[in-house]
Amino acid sequence: MDPMRADLVGLSFATAPGRAWYVPVGHQQGSQLPLEEVLAEVRPLMESDQLGKSAHNANFDMMMLANHGINVQNVDHDTMIAAHLLGKTGIGLKNLALEVLGEEMTPIAKLIGTGKKQITFDHVPIEAATPYAAADADMTGRLRSVFEPQVKNQEELTRLMSDMELPLVPVLVDMQRQGIKVDTGVLHEMSRDLNEQIQQVEEEFRQTIKEKVGGLSVNINSPQQLSDLLFKELGLPHTRRTKTGYSTDANALQDLKSRLTDDDINASIEGIQVVDQILEYRQIAKLKSTYVDALPGMVNPATGRIHTRYNQTGSATGRVSSSDPNLQNIPIRTELGRQVRRAFIAPDAPQWLLFSADYSQIELRVLAHLSQDPGLLEAFRKGEDIHSATASSMFDVPINEVDSEMRRIAKVLNFGVIYGLSAHGISQQTGFSREEGSNFIESYFAKYPGISEYLEGVKASARENQYVETLLGRRRSVPEINSPNFNVRGAAERMAINMPIQGTAADIMKLAMIRVHRRLAEESLRAKMLLQVHDELVFEVPQEEMETLKDLVFDEMPAAMELDVTLKVDAKWGETWGDME
DNA sequence: GGCTATTGCAA
DNA sequence: TATTGCAATAGCC
């Protein structure tokens with residue numbers, strides 16, 4: 001087999017961890033395949049890859065083969081991207097085959113088994129694997145022939161495909177392969193500390209509830225059991241209903257607490273104590289189970305790094321998502337949480353550092369451009385703090401007389417407008433009444449009439465077309481926009497409002513990543529792009545390249561898209577992701 | 001073990 | 001009863 005054969009088209013089949021097999025697209029079930037030949041060549045390369053069996057997706061393998069001079073194109077992934085652009089969100093090859101082609105495909109589980117007896121795919125005998133590989137190849141080929149013309153039919157989608165999604169693939173793969181270094185010592189130490197704290201809080205919790213429940217055990221991790229405890233045993237005032245009981249989430253518990261504090265009749269030292277203990281337990285337990293204890297197990301022993309997976313076809317708005325682990329939701333807002341970020345480190349500090357560049361208020365800038373609201377545009381052009389500027393307008397005071405409460409409220413409105421605000425949402429976020437929430441919205445739109453008109457326009461267009469789109473024409477279908485059901489329609493309207501804003505911001509970031517990646521290569525820098533967190537890019541960089549990298553991202557990120565407001569980029573750097581300035 | 005519900009972390 | 005994600009635990013089948 002000639003490794004550079006142009007018609008060897010890569011196709012991921014059965015992603016056992018770190019293992020994908022490649023067969024030419026278009027082969028049908030039962031046809032003769034040169035699978036043995038392909039495997040003979042590809043398998044040793046995969047076995048020898050330094051990252052070994054670390055969990056990765058097909059593109060990871062594709063690029064690995066490309067690095068070894070095998071000219072593969074991952075048509076499987078390309079087809080999924082096309083399907084995604086066409087609005088087929090969140091479904092894989094098997095579902096697409098069923099939905100689009102009416103073909104039922106046998107799940108891999110049938111071949112490799114499940115549970116303890118499960119084997120990885122590279123141990124499946126070749127005779128057994130061949131028909132499955134052929135089925136994947138066949139379906140992918142047929143799906144491509146369905147989707148390709150549909151994409152070509154729409155100029156915007158063709159451009160998104162050729163100028164954005166396809167060039168982004170190798171960027172994401174490089175980031176996945178590079179990984180980020182993690183100091184597991186920091187995490188192990190934290191785990192011990194948190195364990196003690198958890199034991200202590202749980203013990204206090206048991207003491208507090210002992211008299212009420214006697215010998216009965218309450219699992220503090222079970223919302224159902226907590227609901228019974230708080231609202232049946234302790235008789236506390238009800239929170240909002242869920243399907244299984246009363247809500248015990250942090251919001252509900254905070255509300256409950258304030259009612260227990262304010263209301264003399266319900267005054268309950270014991271109740272307040274239990275609620276506080278649950279809240280504290282939850283905070284620590286969440287951190288420990290989701291991050292502190294989980295992350296060390298995700299470090300690849302060969303690289304000492306965590307290699308997240310980036311999903312290019314996972315979201316309805318065009319965002320990239322991250323999994324295994326998700327590095328887009330590592331804590332930062334509390335000091336305890338930020339400590340987790342400190343475990344993400346530069347290699348060989350201080351010769352190397354981590355560097356982070358983020359778009360400042362990208363979604364509000366996008367909104368200013370899309371809505372052309374004069375007030376919002378002007379505020380950005382003046383370079384003002386946007387929430388203070390909004391507060392200044394809303395409350396009719398000079399910007400230097402805006403106090404923190406006014407700014408807080410304005411900030412809620414600015415965020416709210418991106419999410420499709422409601423009077424109720426605003427009241428929840430601000431702590432004011434629904435009535436006052438409604439008044440805030442009214443004065444907000446009075447000052448930003450362009451935003452109001454824009455939102456009405458988006459909704460009208462959505463009702464007409466059943467879809468909304470970003471500035472570059474990425475679409476999201478919103479069929480329920482015309483639902484007679486108030487709740488269903490309302491939800492669709494909020495999605496319709498949010499998608500063009502969030503999606504345009506996501507498009508900008510994708511273009512920026514392609515530009516920055518290209519420049520890093522062109523200038524042969526050792527700096528590497530590691531993470532994307534929606535509006536932020538994280539790099540590792542040798543100190544002597546720091547200034548170059550800074551100039552580079554300040555050049556490329558704002559230039560990703562030309563809007564009527566400039567795209568501002570902030571940067572910070574340090575030895576860990578947790579302490580940067 | 002697969003599925004749903006609840007909860008909570010990020011932008 | 002604000003948008004987009006991913007993931008942990010409980011609890012059911």
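Residue numbers start from 1 in every chain, and the chains themselves are labelled A, B, ... in the order their sequence lines are given, proteins ahead of strands.
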Just to verify, what does A:Ser227 make a side-chain contact (heavy atoms from CB on, under 4.5 Å) with, not counting sequence neighbours? A:Phe231, A:Tyr246, A:Thr248

Given the rule that a pair is Watson-Crick or G-U wobble with both distances under 3.5 Å, how would you write DNA chain C in dot-bracket, using | for pairs to a different strand? ..|||||||||||

With sequence neighbours left out, write down each residue that passes side-chain contact (heavy atoms from CB on, under 4.5 Å) with A:Phe432, or none if nothing qualifies. A:Glu405, A:Arg408, A:Ile409, A:Thr430, A:Glu436, A:Phe440

Could you list the residues that satisfy salt bridge (charged side-chain N to carboxylate O under 4.0 Å, His left out) with A:Asp276, not counting sequence neighbours? A:Lys257

Sequence neighbours left out, what passes side chain to side chain donor-acceptor pair (under 3.5 Å) with A:Ser222? Give chain and number order. none

5' to 3' on DNA chain C, which nucleotides open and close the contacts with chain A (atom under 4.0 Å from a heavy atom)? C:dT1 to C:dG11

Would you state whether a donor and an acceptor, one from the side chain of A:Arg319 and one from the base of B:dA11, lie under 3.5 Å apart? yes

Which residues pass the side-chain contact (heavy atoms from CB on, under 4.5 Å) test with A:Glu165, not counting sequence neighbours? A:Ile81, A:Leu85, A:Leu168, A:Gln312, A:Arg474, A:Lys510

By side-chain contact (heavy atoms from CB on, under 4.5 Å) - contacts of A:Glu104 (at least two apart): A:Leu98

The criterion is salt bridge (charged side-chain N to carboxylate O under 4.0 Å, His left out); which residues satisfy it with A:Glu202, sequence neighbours excluded? A:Arg206

Strand-adjacent residues in residues 419-449 of chain A, judged by heavy atoms under 4.0 Å from DNA chain C: A:Tyr419, A:Leu421, A:His424, A:Ile426, A:Gln429

Return a table of donor-acceptor pairs under 3.5 angstrom between the side chains of residues 188-201 of chain A and protein atoms on other chains or two or more places apart.
unit_1: A:His188; atom_1: ND1; unit_2: A:Thr184; atom_2: O; d: 3.2
unit_1: A:Ser191; atom_1: OG; unit_2: A:Asp293; atom_2: OD1; d: 2.7

What nucleic acid atoms does A:Asp358 come within less than 4.0 Å of, heavy atoms only: base, sugar-phosphate, or nothing? nothing

Name all pairs fulfilling the side-chain hydrogen bond (donor to acceptor under 3.5 Å, both in side chains) condition that reach into residues 446-455 of chain A, sequence neighbours left out, sorted by first residue then second. A:Thr390-A:Tyr448

